[in-house]
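Each remark here refers to the structure printed beneath this line.
Worth knowing before you read on, the calculation uses all heavy atoms, side chains too, and leaves out hydrogens, waters and symmetry mates.
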Amino acid sequence: MAGSEAEWVTIANSLLFKCHIHLRIHELQDCDANVFIALYQSILGEKVPDLIAIPRSQEDDAHNVQAVIDSLALDYLQVSLSHITGENIVKGDKESIKNLLEIFDGLLEYLTERISETSHEKSKFKNGNLLWFTFYDISLIFLYIFLHRKQIH
């Protein structure tokens, strides 16, 4: 992982920019439920399952972030992400925020590379979002993140 908080703020803002999300953060704790919901929906091109559309409390925000984490773990990466919780994200836990940002950064990088590799083939986009891939392709993201994680250290 990158080191300083400033580096992580840059990573977060880069993700938001690349995904055409009109949010900017100034400190790591600004990565709230809205940021992670927007990243999920932009990168994966679908709505977060079990989303509370109008969150009215911190508990609702934690539920929504947990729905993002659970869907990534079960539907895409097929690995446990039990070390990251919606509650910790909403509380502003920096390590949890960094871990979830790292997953989205790796996911976007992987999908972008896959798009580049298949650019000679007919690419189908859904609602202007990134390509849909098979579960096999998506599950490779997890492996990709951890192989490149050592290069960041």
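The nearest pair of heavy atoms linking Asp75 to Pro49 is OD2-CG, 4.4 Å. The shortest heavy-atom contact between Pro55 and Ala53 is CD-O, 3.4 Å. Across Ile89 and Cys31, no two heavy atoms sit closer than the pair CG2-O, 4.0 Å. The minimum heavy-atom distance between Phe104 and Leu15, with the atom names listed, is O-CD2, 3.9 Å.
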Do Arg24 and Phe17 pass the side chain to side chain contact (heavy atoms under 4.5 Å, CB included) test, and can you show the C-alpha distance, the side-chain angles, and the key distance before you say yes or no? CA-CA 8 Å; Arg24 295 297 168 260; Phe17 178 79; 3.6 Å; yes
Go through it in stages, so that I can follow the logic: the residues are Lys47 and Ile37, the test is side chain to side chain contact (heavy atoms under 4.5 Å, CB included), and I'd like the CA-CA distance, side-chain angles, deciding distance and then a yes or no. CA-CA 8 Å; Lys47 294 187 184 223; Ile37 292 165; over 6 Å; no
Would you please test Val48 and Phe36 for side chain to side chain contact (heavy atoms under 4.5 Å, CB included) and show each step? CA-CA 10 Å; Val48 176; Phe36 290 114; over 6 Å; no
Begin from the C-alpha positions of Val35 and Ile21 and carry the test side chain to side chain contact (heavy atoms under 4.5 Å, CB included) through to its verdict. CA-CA 9 Å; Val35 168; Ile21 299 168; over 6 Å; no
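Remark: Lys18 pairs with Ser14, Leu108 by the side chain to side chain contact (heavy atoms under 4.5 Å, CB included) rule, at least two apart or across chains. Here Ser96 pairs with Asp93 under the side chain to side chain donor-acceptor pair (under 3.5 Å) rule; sequence neighbours left out. A search for side chain to side chain donor-acceptor pair (under 3.5 Å) contacts involving Asp32 returns nothing, not counting sequence neighbours. With sequence neighbours excluded, the residues forming a side chain to side chain contact (heavy atoms under 4.5 Å, CB included) with Ser57 are Glu59, Asp60, listed by chain and number. Remark: Asn34 pairs with no residue by the side chain to side chain donor-acceptor pair (under 3.5 Å) rule, at least two apart or across chains. Contacts of Val9 classified as side chain to side chain contact (heavy atoms under 4.5 Å, CB included), with partners at least two apart in sequence or in another chain: Glu5, Asn13, Ile25. Residues forming a side chain to side chain donor-acceptor pair (under 3.5 Å) with Glu87 (at least two apart in sequence, or on another chain): Lys91.
Using a distance-only test at 3.5 Å, with no hydrogens or angles considered, a donor-acceptor pair links the side chain of Asp30 to the main chain of Glu27. For Glu7 (side chain) and Gly3 (main-chain N/O), a donor-acceptor pair under 3.5 Å exists by modelled atom type. With Asn64 contributing its side chain and Ile52 its backbone, the two residues share a donor-acceptor pair below 3.5 Å. With Gln41 contributing its side chain and Ala38 its backbone, the two residues share no donor-acceptor pair below 3.5 Å. In this structure, the side chain of His83 does not engage the main chain of Asn99 through any donor-acceptor pair within 3.5 Å.
Within the 4.5 Å cutoff, the side chain of Leu77 has heavy atoms near those of the Ile103 side chain.
Distance check, rounded to the nearest 0.5 Å: CG of Leu16 to CD1 of Ile11 gives 12.0 Å. Rounded to the nearest 0.5 angstrom, Ile69 CD1 and Tyr40 OH are separated by 12.0 Å. How far OG1 of Thr85 is from CG of Asp70: 10.5 Å, rounded to the nearest 0.5 Å. Rounding to the nearest 0.5 Å places CG of Leu72 at 12.0 Å from CD of Gln78. Between Leu39 atom CG and Leu100 atom CG the span is 8.0 Å, to the nearest 0.5 Å. Separating the NZ atom in Lys94 from the CG atom in Leu101 is a distance of 13.0 Å, to the nearest 0.5 Å.
Checked by atom type, the side-chain pair Ser71/Tyr76 shows no donor-acceptor distance below 3.5 Å.
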